[in-house]
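Structure record follows, encoded as structure tokens.
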Protein chains: 2
Amino acid sequence: MRESCDMRGFLSFIVLRLISKKNMSGEELREELKKRKGTKPSPGTIYPVLKSLNEGGFIKEIKDSGKEKKYKLTKSGQKELRIATRKFCEIFYDMKDELGRHCD
Amino acid sequence: MRESCDMRGFLSFIVLRLISKKNMSGEELREELKKRKGTKPSPGTIYPVLKSLNEGGFIKEIKDSGKEKKYKLTKSGQKELRIATRKFCEIFYDMKDELGRHCD
DNA sequence: ATACTAATATCGTATATACGATATTGGAGT
DNA sequence: ACTCCAATATCGTATATACGATATTAGTAT
């Protein structure tokens, strides 16, 4: 996960958040993102992100039935998610009203 | 502003949002982003964004005293912001609780 | 008018996120 | 065992956002 000042880390952030709620595979993530955004991210988008988060030690593969590989957060991933969430809130603190209005 | 499926449009989104609340110059935007994120985006980050939003017709230069150039949203920019806000809320609808908790 | 300075603008470079296309892999079913 | 398919993985390419360095510009002050 990036530490610098740019805005590019959001896909990793979303993936960490989704996995923190429920252990998920690449395909499940693609489905969930389709629900949220209307379009399904291509395999070339999601699998490199999972690879990078895995190599960074933020998520860990768990064996599941079938050929799916599910991932769960590691301790380090939980910590990273807390940090990223705080940053997100600092940047977007004033989106609270809109989120309430649009999404109830 | 981008229409596709990626996550990269957030700096433009934030800039549109800030300008929608108050006409702002590049320096004022840098200051506000510093407040929110802790680091001030470099000139090489913010001015190209303003240029691109201006060329896209989303913001418009207004003459101010001094050498500052302030920008205001155009009608097209207002519309774009509404669309982008809805998308943002669809993606991050479940951040509502965190935003409430962290930022009150 | 000239020098100074803050704001703006541009340049080269780096990287995360994106895509579509293609390759690989591992269970399922025959 | 072999084929098939869905899930995963990789490749080449494109673009927005990032930086630091440098250049330009327009008021300010001397």
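The chains referred to below are lettered A, B, ... by the order of the sequence lines, with proteins before strands, and numbering in each begins at 1.
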Quick one: [X] [atom1] to [N] [atom2], roughly how many Å, whole number?
| X | N | atom1 | atom2 | answer |
| --- | --- | --- | --- | --- |
| A/Arg30 | C/dT17 | CZ | C1' | 15 Å |
| B/Glu31 | C/dA7 | CD | P | 9 Å |
| B/Leu11 | D/dA16 | CG | P | 12 Å |
| B/Glu61 | C/dT8 | CD | C1' | 10 Å |
| A/Lys70 | C/dG27 | NZ | C1' | 16 Å |
| A/Lys67 | D/dT3 | NZ | P | 17 Å |

Measuring from the side chain of [X] (C-beta onward, heavy atoms only), which nucleotide among [options] has the closest atom?
| X | options | value |
| --- | --- | --- |
| A/Ser12 | D/dT8, C/dA7, C/dT17 | C/dT17 |
| B/Pro48 | D/dA9, C/dT10, C/dA9 | C/dT10 |
| A/Glu68 | C/dT10, D/dA7, D/dA9 | D/dA7 |

Between A/Lys40 and A/Arg30, the two heavy atoms sitting closest are CG-O, 3.6 Å
Heavy-atom distance under 4.5 Å between the side chains of A/Leu18 and A/Arg36, does that happen here?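 They are in side-chain contact.
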Look at all strands and tell whether A/Gly44 reaches a base, only sugar-phosphate, or nothing, counting heavy atoms closer than 4.0 Å. base
B/Arg17 with A/Glu98: basic N within carboxylate O range, under 4.0 Å: yes
So, do A/Phe92 and B/Phe88 have ring centers that fall under 6.0 Å from each other?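 Between B/Phe88 and A/Phe92, which both carry aromatic rings, the centre distance is below 6.0 Å.
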